[in-house]
S.K.: 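Structure incoming, see below.
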Amino acid sequence: MPVELQGPVRVRFAPSPTGYLHVGGARTAIYNELLRRRLGGVNILRIEDTDKQRSDEAMTRQIIDALEWLGVEIDEGPFLQSERLERHRGEALRLLAEEKAYHCFRTPEELDARRQEILGRGDSYRYKTAFGVPTRDEAERRIEAGEPYAIRLKVPDEEIVVRDLVRGDVPFPAEAQDDFIILRSDGTPTYHLSVCVDDVDMGVTHVVRGEDHLSNTPKHIALFRALGAEVPAFGHLPLILGTDKKRLSKRTGATSVEEFRDQGILPRALYNYLALLGWSPGDDRELMSREEMIEAFSADRLLKSAAVFDPDKLAWISAQYMFHSDLSVIVEHLRPFLTEVGLGEAPEERLRELIEVHRLRAKTLRELAEQLVHYFQDGIDYDDELTSKFRRQAELPTLLEELSAGFATLDDYTVDATEQVLRDLATKHEVKAGFLIHPTRIAMSGSKTGPGVFDVVVAVGQEEGKRRMSAFVEYLKANPIETEAE
RNA sequence: GGCCCCAUCGUCUAGCCAGGUUAGGACACCAGCCUUUCAAGCUGGCGACACGGGUUCGAAUCCCGUUGGGGCUACCA
């Protein structure tokens, strides 16, 4: 096993609180957790809220809630990067004192103009060659004169190789290195500085993050070296794409963990789906518990290429979890959806019976909640369209009355017993069982689809079932459709 | 423009590193079975190595190139 894949590890998930928790970020968090569980160690949450204009506390809270809901366990944190700005600045000044960094007096405008000019004539731009380092005297003079300055890191003119857990060794040529700004002229640290100082301070051993940072990694390696710190191992994860093959965006559907929660996806289902989007255990397993994933997880099996987020497959996994999860898990997560449909007070015992009957037919918690509504209503509003077929059958009300009477006499009101009653009655009157079954389903649930009728009959209950059957018979009698004589 | 990353069924992927498979599985789709409905389940079908050169007896697998996606190239993160 390569040394990079040995524990214990200290990993971190470091989102910017600029919105909801994006599924790409969630997946990064999952891989960090899986790595930490597999190898032992610590999982750190760090909120990168240095860009005050784009961050706010509510968003930070939202991200923490979403992680908790998803079931990603955090061992340390959350740490707020915004509270460590002085520390970052201090390190920049230290690098300056050690002459590993230098003053840059060029204004952004000046920099931009020169860059445009050089790029314009087809040459490649580097600050290093375009401007260079001011002499110590010059620097002192200009500081004294009160000129504003930024601080740049002196990046050695040499090839930097990123040893990446996902992509292998990625070399960046010496000509690609440039002296970048670590402290702005207003005294605030740049992202690169903050990240590296924090990673050093927090003892991070493995940096697992999005692919968009791969090109930044040589900068970070240069910084770690300048800081005199050990360079952590890196792993850069590919992007998640929408069905249009472009970066996942609102255009093509839900993008945040919160949205899937609100759709009624079980957290473990989302976790399972996301974990398999860019990683596989190497065999054909797809439905895996978190424990199984931890057991099978290996960072070197992380995929290199971008993956399209497929709502259909998520729906399938969700349905699987709806069917296989413990009842108590379903009940727990179903609560908010019950509240939405006005069933907030439904007793747990009753819910468990009904969930057992309906879970196979609901892909999401939301669908499940909607299917349960009618059991808690006093009666059913029959749909004229759905019942039209039955309203043409003049003999039906009488048969249903007899069926209802049969149900009423049962001592053991079970699926088998009610089925027996119905089938006997059908035989007696020489009609097909289906002739009675379909109207019974409508009578009991108001719907033409759903679980097996006898399950529904029993789930509705003997008392309420009788009332519903009577009401349905009344409805049929009151709204008959005359069939035209041939 | 420069630097870097990526490329197997429509989608997620196994296989690639240690060349020899009828290129396997899953979702979706289609058909059949089951059946009181709708699902679920079961069985079967459809369907891929981006392209072009090498190397080799033999290439999805190794090398080069092309094309196509993407990232970085900021006093954004």
Side-chain angles (χ1 to χ4, degrees), chain A residues 14-16 18 48-51 53-55 81 104 106-108 111-112 115 118-126 148-152 162 164 166-168 170-173 175-178 180-186 188-192 194-195 210-219 236 238-239 241 243 245-247 273 276-287 300 303-317 319-320 323 358-363 419 422-423 426 432-438 440-442 445 447-454 456:
Chain A
S16 295
T18 54
E48 312 226 315
D49 58 346
T50 52
D51 186 353
Q53 298 191 324
R54 279 162 52 183
S55 309
Q81 199 160 57
C104 172
R106 312 285 169 175
T107 64
L111 255 18
D112 198 50
R115 182 168 41 236
I118 293 175
L119 255 26
R121 59 170 190 255
D123 292 337
S124 57
Y125 166 86
R126 284 167 90 197
Y149 60 84
I151 297 177
R152 282 181 192 267
V162 177
D164 193 278
V166 177
R167 284 149 220 281
V170 182
F172 289 82
E175 312 82 69
Q177 313 305 338
D178 201 5
F180 58 96
I181 289 176
I182 56 177
L183 198 73
R184 300 187 188 92
S185 50
D186 65 0
T188 61
T190 61
Y191 163 77
H192 302 300
S194 293
V195 165
E211 183 183 37
D212 42 345
H213 290 297
L214 180 57
S215 299
N216 288 148
T217 305
K219 288 189 175 71
H236 287 94
L239 267 54
L241 309 176
T243 43
K245 294 270 200 170
K246 301 247 195 272
R247 199 171 184 143
Y273 177 71
L276 255 37
L277 199 61
W279 173 79
S280 94
D283 50 41
D284 289 336
R285 284 180 294 169
E286 301 218 81
L287 263 9
D300 54 8
L303 271 305
K304 290 194 277 255
S305 53
V308 172
F309 189 97
D310 181 9
D312 282 337
K313 187 139 187 180
L314 207 215
W316 176 76
I317 288 191
Q320 296 295 319
F323 187 56
H358 279 268
R359 66 196 318 199
L360 184 56
R361 279 152 230 270
K363 279 188 159 66
E419 177 163 9
L422 184 143
R423 289 194 186 280
K432 284 187 178 174
F435 186 76
L436 295 173
I437 281 172
H438 299 300
T440 299
R441 175 189 301 286
I442 298 274
S445 68
S447 170
K448 65 172 182 172
T449 65
V453 235
F454 304 105
V456 175

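In what follows, chains carry the letters A, B, and so on, assigned in the order in which the sequence lines appear, proteins first and then strands, with residues in each chain numbered from 1.
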S.K.: Would you tabulate the pairs of protein nitrogen or oxygen atoms and nucleotide nitrogen or oxygen atoms of nucleotides 14-17 of chain B closer than 3.5 angstrom?
M.R.:
from, atom 1, to, atom 2, distance (Å)
B/A14, OP1, A/S280, OG, 3.4
B/G15, OP1, A/R301, NH1, 3.2

S.K.: Using 0.5 Å steps for rounding, measure from the CG atom of A/D312 to the OG1 atom of A/T243.
M.R.: 9.5 Å
S.K.: If we take the C1' atom in both B/C46 and B/G65, what is their distance in whole Å?
M.R.: 35 Å
S.K.: Which whole number of Å gives the distance between the P atom of B/U67 and that of B/U13?
M.R.: 27 Å
S.K.: Between the base of B/A28 and the side chain of A/K313, is there a donor and acceptor pair under 3.5 angstrom?
M.R.: no
S.K.: For A/R152, which contact category applies under a 4.0 Å heavy-atom criterion: base, sugar-phosphate, or nothing?
M.R.: sugar-phosphate
S.K.: To the nearest angstrom, how far is A/D312 atom CG from B/A28 atom C1'?
M.R.: 6 Å
S.K.: Is there a side-chain contact between A/L422 and A/I437, using heavy atoms and a 4.5 Å cut-off?
M.R.: yes
S.K.: Which whole number of Å gives the distance between the P atom of B/C34 and that of B/A28?
M.R.: 22 Å
S.K.: Quick one: side-chain hydrogen bond (donor to acceptor under 3.5 Å, both in side chains) partners of A/R247, sequence neighbours excluded?
M.R.: none
S.K.: Would you check if A/Y149 and A/R106 make a side-chain contact, meaning some heavy-atom pair closer than 4.5 Å?
M.R.: no
S.K.: Which whole number of Å gives the distance between the P atom of B/C63 and that of B/A7?
M.R.: 12 Å
S.K.: Write down the distance between CD (A/E286) and P (B/G25), rounded to a whole number of angstrom.
M.R.: 12 Å
S.K.: Heavy-atom nearest nucleotide on RNA chain B for A/Y191 versus A/L314: which residue maps closer to 5'?
M.R.: A/L314
S.K.: For A/H358, what residues pass the side-chain contact (heavy atoms from CB on, under 4.5 Å) criterion, not counting sequence neighbours?
M.R.: A/L368, A/Q371, A/L372, A/Y375, A/P451
S.K.: State the pairing partner of B/A26; accept Watson-Crick or G-U wobble contacts with both distances under 3.5 Å, and report none otherwise.
M.R.: B/U11
S.K.: Would you measure the distance from the P atom in B/C30 across to the matching atom in B/G69 and give it in whole Å?
M.R.: 31 Å
S.K.: So which nucleotide does B/C51 pair with, by the Watson-Crick or G-U wobble rule with both distances under 3.5 Å?
M.R.: B/G65
S.K.: Run the side-chain hydrogen bond (donor to acceptor under 3.5 Å, both in side chains) test against A/S194 and tell me which residues pass, sequence neighbours left out.
M.R.: A/H88
S.K.: Answer yes or no: side-chain N or O of A/S185 and base N or O of B/C75 forming a donor-acceptor pair under 3.5 Å.
M.R.: yes
S.K.: Please give the distance between the C1' atoms of B/G45 and B/C4 as a whole number of Å.
M.R.: 43 Å
S.K.: May I have the distance from A/E48 (atom CD) to B/A77 (atom P), rounded to whole angstrom?
M.R.: 10 Å
S.K.: How would you list, by chain and number, every residue that makes a side-chain contact (heavy atoms from CB on, under 4.5 Å) with A/L241, sequence neighbours excluded?
M.R.: A/L239, A/A306, A/V308
S.K.: State which residues pass side-chain contact (heavy atoms from CB on, under 4.5 Å) with A/T188; sequence neighbours excluded, sorted by chain then number.
M.R.: A/R184, A/D186
S.K.: Picking from B/C6, B/A28, B/C75, which would you name as closest to the side chain of A/K304?
M.R.: B/C6
S.K.: Return the set of residues passing side-chain contact (heavy atoms from CB on, under 4.5 Å) with A/R115 (not counting sequence neighbours), or none when no residue passes.
M.R.: A/D112, A/L119, A/Y125
S.K.: Return the set of residues passing ring pair (Phe, Tyr, Trp, His ring centres under 6.0 Å) with A/F180 (not counting sequence neighbours), or none when no residue passes.
M.R.: A/H192
S.K.: Could you tell me which residues satisfy side-chain hydrogen bond (donor to acceptor under 3.5 Å, both in side chains) with A/K313, sequence neighbours excluded, listed by chain and number?
M.R.: A/E286
S.K.: Sort out the partner of B/A59 for me: Watson-Crick or G-U wobble, both distances under 3.5 Å, none otherwise.
M.R.: none
S.K.: Work out how far the P atom of B/C12 is from that of B/G52, and round it to whole angstrom.
M.R.: 23 Å
S.K.: With a 3.5 Å limit on both atom pairs, tell me what B/C3 is paired to, counting Watson-Crick and G-U wobble, or say none.
M.R.: B/G71
S.K.: Using a cut-off of 4.0 Å on non-hydrogen atoms, how would the nucleic acid contact of A/S305 be classed: base, sugar-phosphate, or nothing?
M.R.: sugar-phosphate
S.K.: Please list, chain by chain and in numerical order, all residues satisfying ring pair (Phe, Tyr, Trp, His ring centres under 6.0 Å) with A/Y273, sequence neighbours excluded.
M.R.: A/F309
S.K.: Using a heavy-atom cut-off of 4.0 Å across all strands, would you classify A/L277 as base, sugar-phosphate, or nothing?
M.R.: sugar-phosphate
S.K.: Between B/A48 and B/C38, how far is it from one P atom to the other, in whole Å?
M.R.: 33 Å
S.K.: Classify every nucleotide of nucleotides 36-51 of chain B by which part a protein heavy atom approaches to under 4.0 Å, writing B for the base, S for the sugar-phosphate alone and - for neither, in 5'-to-3' order.
M.R.: BBBBSS----------
S.K.: If the sugar-phosphate is the primed atoms plus P, OP1 and OP2 and the base is the rest, what is the B/S/- string for nucleotides 65-73 of chain B, using protein heavy atoms under 4.0 Å?
M.R.: -----SBS-
S.K.: From CD of A/Q177 over to C1' of B/C3, roughly how many Å is that when rounded to an integer?
M.R.: 10 Å
S.K.: What distance separates A/H213 NE2 from A/K219 NZ, expressed to the nearest 0.5 Å?
M.R.: 12.0 Å
